[in-house]
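Since the structure comes first, as structure tokens, the remarks are kept for the end.
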Amino acid sequence: MTNKVGNKHEAQHRGKQERLEIRRTNIAREAVKLAEARAKYRNQVKGRPQADQSATA
């Protein structure tokens, strides 16, 4: 049988440093996603089209 990615025993045998590293990378990845989402919807007025679309009309 092959090892599953989410195998409980695999996770238990990770070192403390490795767990911290994984946690830091996950937090950093989420921060990047959040920043992109905030930049995408920044200064939007509710119910109005985006500025670049209204400029062409």
Side-chain angles (χ1 to χ4, degrees):
M1 289 181 85
T2 60
N3 283 341
K4 294 180 185 174
V5 173
N7 195 343
K8 180 180 176 184
H9 303 294
E10 290 280 326
Q12 285 175 342
H13 291 294
R14 290 191 199 280
K16 188 174 185 179
Q17 195 63 36
E18 190 179 357
R19 287 195 305 264
L20 283 173
E21 192 176 313
I22 290 169
R23 181 177 163 85
R24 285 188 191 120
T25 56
N26 287 345
I27 290 170
R29 191 177 297 128
E30 285 298 317
V32 169
K33 280 179 166 179
L34 190 64
E36 287 176 355
R38 282 189 176 154
K40 185 176 180 184
Y41 296 107
R42 188 164 174 239
N43 296 331
Q44 291 290 321
V45 178
K46 219 174 189 180
R48 291 184 63 191
Q50 290 182 349
D52 58 335
Q53 291 177 353
S54 62
T56 58

Legend entry - Test side-chain contact (heavy atoms from CB on, under 4.5 Å) applied to Glu36 - qualifying residues, sequence neighbours left out: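 Glu36 satisfies side-chain contact (heavy atoms from CB on, under 4.5 Å) with Val32 only.
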Legend entry - Residues in side-chain contact (heavy atoms from CB on, under 4.5 Å) contact with Arg38, at least two apart in sequence or another chain: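 side-chain contact (heavy atoms from CB on, under 4.5 Å) check on Arg38 returns Leu34.
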Inset, instruction - Return the set of residues passing side chain to side chain donor-acceptor pair (under 3.5 Å) with Glu30 (not counting sequence neighbours), or none when no residue passes. - result: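 With sequence neighbours excluded, Glu30 shows a side chain to side chain donor-acceptor pair (under 3.5 Å) to no residue whatsoever.
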Legend entry - Those residues that, when tested against Arg29, pass side chain to side chain donor-acceptor pair (under 3.5 Å) (two or more places apart):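 Applying side chain to side chain donor-acceptor pair (under 3.5 Å) to Arg29 gives Asn26.
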Inset, instruction - To the nearest 0.5 angstrom, please state how far the CD1 atom of Ile22 sits from the CD1 atom of Ile27. - result: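 Separation between the atoms: 12.0 Å.
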Inset, instruction - Please name the pair of heavy atoms, one in Arg24 and one in Gln17, separated by the smallest distance, quoted to 0.1 Å. - result: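 Minimum heavy-atom contact is NH1-NE2, 4.2 Å.
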